[in-house]
Amino acid sequence: MSEKVLMKGNEAIAEAAIRSGCRHYLGYPITPQTEIAAYMAKRMPKIGGTFIQAESEIAAINMVYGVASTGRRAMTSSSSPGISLKCEGISYLAGADLPALIVNIQRGGPGLGGIQPSQSDYFLCTRGPGHGDFRLIVLAPSSVQEMADLTSLAFDLAFKYRMPAMLLADGTMGQMMEPVRLKEEKKIAAAAPWAATGTKCERPHNVINSLYLDPQLLEKRNIERFERYAKVEKKETRWEEFMTEDAEYVIVSYGITARISRNAIMKARKAGIKVGMIRPITLWPFPSAPIRRLADQAKAFLSVEINMGQMIEDVRLAVEGKAPVELCFRAGGMIPSPDEVFKAVKKLARRK
Amino acid sequence: MDDFTPKRLTLFMGHYGSGKTNLAFNFARMLKRQGKCVTIADLDIVNPYFRTKDSQKELEEDGISLIVSKYANSNVDLPSMSAQTYALIDSRSEYGVLDIGGDDRGALALGRYADDILAENDYDAFFVVNRARPLTQTVEQAVSIGMEIMSACRMGFTGVVNNSNIGDDTTAEYVRDSIGWAKSVADALSVRLVCTTVMRGLKLEGAVPVDLRRYEWQK
């Protein structure tokens, strides 16, 4: 293992991507994720990689499609408004079964919104950003160390299941600095068997395409793809539980708000309120099973988010009506304090 | 730092995340404790978050003036600076602490004041270095970024401040072990190593203790 260094979340993503074998970064600057592009611009030329500042977010995601078609590890990164622009390209990646990493360091919306942090792209990203029947693996780090680790995991999962994966964090996570231990550079296997790398007249053509002239064939492909998604749901759902063993109240929160909630839980425990937390690490697939299990013991759930209430819908689906689910939120770039979350927990505990 | 005589203007420059903002804040407080009239100017045109303005309340309580872009910590994504900065540069009575943005891109903003600062010739320009930052881990890397900064702002450094730390994982040994590296950086740039800093609470003889700003999500 290498020694610990001090990194911004955005830098950790960039360096972890390089160490995961990514040699192609195609992006377009936007606050608060610009450090990813800046870091790649400095590092890629020194290691024989490619850094391209494309003419737009749309161009960047389509360049990712091109690199991914050759079986290489490609990535792009942006923040909320830029992700909206990339949606068409993400749908095409999914339709052509191409692996790639898309990083979204969220800021407040809708529209141009603002540059302060938010989690308001939850709906957009967990439902499959783009048109058509598809899913996207969505990973939600909660520390700079996890930003590095999950970047590496995102590439591995994307290639294992031949689908795009997203690292979803907020501006604060992208900008904050913490100690991180980076993994040693990974050796990547030779090009994937499906990649379009030239037949040399030795094998049939590998065709990368999302257009199907025959509707029956398209239906078949979609069903096969969803069988693969079912495997991802079964094998790759990840979450962390914190003080849930005896919890009468359960917070569900991810990313930066999970850290704030953890501090609030310590306060609530001191005040004698038995509260715990489920922290989803994968937002798709969503950890419904542990939430459903806790719904039998918990009196109520609290979804803590920095948006107007988006993940709360998945929590309610998981709880299956067995317990009330309330929301604790700030929006527009604001972040709740541990005290605000503590107050929401107290309110939950008072409820009959 | 007991024998340290501050110049009228003190500039903190360096690589992204080397600790310039926090050192500028601590340095301004030290000047204030010496009974000086102090203004801190945030010239960072790069960072959208975690700026001097986060400490506005503490600065006001200490009687330290703050010059900052009116768009700092807002949703306006504009690399702008306050016109008040000129008043601080032109003043001959108050002490100024200038927090410059990271790397050569951040240092560009200082260039517009360089001629005036050089003409007055009562300044220190400190190059802040942290060995735990991935792009300045070797002496060569740190020196290379230092050279880029100096050409961008058209000013030379007068000293190196060793702010080596790995956040909450910092130990006194880690800081002690970084001193030789920092000395080599200073030697390569032909300036002196002004001091080594250490997080308050860690014991390291000869190092200057600094306070850290904590945010809501930090324990």
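Note on naming: letters A, B, ... go to the chains in the order of the sequence lines (proteins, then strands), and numbering restarts at 1 for each one. Quick note: numbers below take in every heavy atom, side chains included, and nothing from hydrogens, waters or symmetry partners.
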Exercise for the section: Let me know if A/Gln175 has heavy atoms under 4.5 Å from chain B in its side chain, its backbone, both or neither. Expected result: both
Practice task
Please check if atom NZ in A/Lys347 has more than 12 non-hydrogen atoms from other residues, nucleotides or ligands closer than 6.0 Å.
Solution key: no
Exercise for the section: Take atom OH of B/Tyr71 as the centre, draw a 6.0 Å sphere, and report whether it contains more than 12 heavy atoms from other residues, nucleotides or ligands. Expected result: no
Handout entry: Proximal component of A/Met176, with respect to chain B [non-hydrogen, under 4.5 Å]
Key = both
Exercise for the section: Side-chain contact test, heavy atoms from C-beta onward, threshold under 4.5 Å: evaluate it for A/Glu15 versus B/Pro134 and give yes or no. Expected result: no
Exercise for the section: Under 4.5 Å heavy-atom distance to chain B, tell me which part of A/Ile335 shows up: side chain, backbone, both or neither. Expected result: side chain
Completion exercise
Under 4.5 Å to a heavy atom of chain A? For B/Asn165 that would be both
Fill in the blank from the handout: Greatest number of non-hydrogen atom pairs under 4.5 angstrom with chain B, of A/Gly174, A/Gly113, A/Pro117, falls to A/Pro117
Problem - Residue pair A/Met7 / B/Leu135, side-chain heavy-atom distance below 4.5 Å - result: no
Practice task
Go through the structure and list residues passing ring pair (Phe, Tyr, Trp, His ring centres under 6.0 Å) with A/Tyr249, not counting sequence neighbours.
Solution key: none
Completion exercise
In terms of heavy-atom contacts, A/Ile115 and B/Tyr49 come closest through O-OH, 2.6 Å
Practice task
Check whether any side-chain heavy atom of A/Glu35 sits under 4.5 Å from a side-chain heavy atom of B/Asn47, and report yes or no.
Solution key: yes
Problem - Euclidean distance, A/Lys8 NZ relative to B/Phe50 CZ, rounded to 0.5 Å - result: 8.0 Å
Handout entry: Heavy-atom closest pair, residues B/Arg105 and A/Ala38
Key = NH2-CB, 4.3 Å
Practice task
Sort by residue number and list every member of residues 53-69 of chain B having a non-hydrogen atom under 4.5 Å from chain A.
Solution key: none
Practice task
Considering only heavy atoms and a distance below 4.5 Å, find which of A/Ile256, A/Val180, A/Thr34 pairs most often with chain B.
Solution key: A/Ile256
Handout entry: Nearest heavy-atom neighbours spanning A/Val5 and B/Ala132
Key = CB-O, 3.1 Å
Completion exercise
Between the NZ atom in A/Lys4 and the CG atom in B/Asp169, the distance rounded to the nearest 0.5 Å is 3.5 Å
Practice task
Answer with side chain, backbone, both or neither: which region of A/Thr172 has an atom nearer than 4.5 Å to a non-hydrogen atom of chain B?
Solution key: both
Exercise for the section: Check A/Leu6 against B/Arg133 and note the closest heavy-atom contact, atom names and distance. Expected result: O-NH1, 2.7 Å
Handout entry: NZ (A/Lys343) with more than 12 external heavy atoms under 6.0 Å
Key = no
Exercise for the section: Tell me, for B/Thr170 versus chain A, whether the close heavy atoms (under 4.5 Å) come from the side chain, the backbone, both or neither. Expected result: neither
Completion exercise
Note: B/Ser74 and A/Gln116 closest approach over all heavy atoms is O-NE2, 3.3 Å
